[in-house]
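I have placed the structure first, in the form of structure tokens, so that the comments after it can refer back to it.
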Amino acid sequence: MSDVAARPFPFPLDPEHAALIVIDMQRDFIEKGGFGASLGNDVTRLQAIVPTVARLIGVCRSANVPVIHTRECHLPDLSDCPPAKRERGKPTLRIGDEGPMGRVLIKGEPGAEIIPEVFPIEGEHVIDKPGKGAFYATGLQPILDELGITQLIFAGVTTEVCVQTTMREANDRGYECLLASDATESYFPEFKQAALDMIAAQGAIVGWVATTEDIARALA
Ligand code: TIU
């Protein structure tokens, strides 16, 4: 056990029972021409955290904390994409449409792949998820059970959408959750700040928030 300096109070990290969940660091959210950009977002904000996410992954690998990656994507026939998701809003490209990085948010297409800087290494689990939460309609829970994981460290994008949704799902499943504040980002700075604040409020109602440096120090 090693305390991580965190908000709202120190997080009692147990590296033997912790895993890092890296949410949706995919070209479709981080590069121009993908799903995130098609929704009208400035993707450059997300590019800024890539070195920090890479550092956190490296720190966890060195400490033998399992790293699990997620990808938000759908089957080519869209059978796992509810029409309510595909038809929402007025994007320039809808899920499944042909874009500059292949079909948007479709499993196996270039845009759905994880960016090279944080690419999984052999042996790391990659969870493809059709929803915002990484537990919904995936095999994440049995993997964590098998590994004996009780604590989850979170990084990735976007803070208030897929990261926060997965943290809330994890909360209800009994995991202690720690979010790396500088290894997550939103297209909206005010939403990121609000998400961090609401996670840590009320005595860590959803979880703790700490910097990558403080997590690294505890794992050193
Ligand atoms: N749009 C947005 O902020 N996020 C998503 O659609 N998915 C994830 O957060 N991965």
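We're numbering straight along the sequence, starting at 1. All ligand and atom numbering here is 1-based and tracks the order in the structure.
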Have [X] and [Y] got a donor and an acceptor in their side chains that come within less than 3.5 Å?
X    : Y    : value
T92  : S38  : no
E160 : Y187 : no
T212 : D182 : yes

Next item on the list: Return the minimal non-hydrogen interatomic distance between A19 and I68, and the atom names on each side.
Entry: CB-CD1, 4.4 Å

Checklist line | Contacts of type side-chain hydrogen bond (donor to acceptor under 3.5 Å, both in side chains), residue E213, not counting sequence neighbours | finding: R55, R217

Note to self: Distance under 4.0 Å, heavy atoms only, partner ligand 1: which residues pass?
What the structure shows: D24, F29, F35, L39, E72, V157, T158, V161, C162, Y187

Next item on the list: Find the distance between CG (N64) and CD (E16) and round it off to the nearest 0.5 Å.
Entry: 9.5 Å

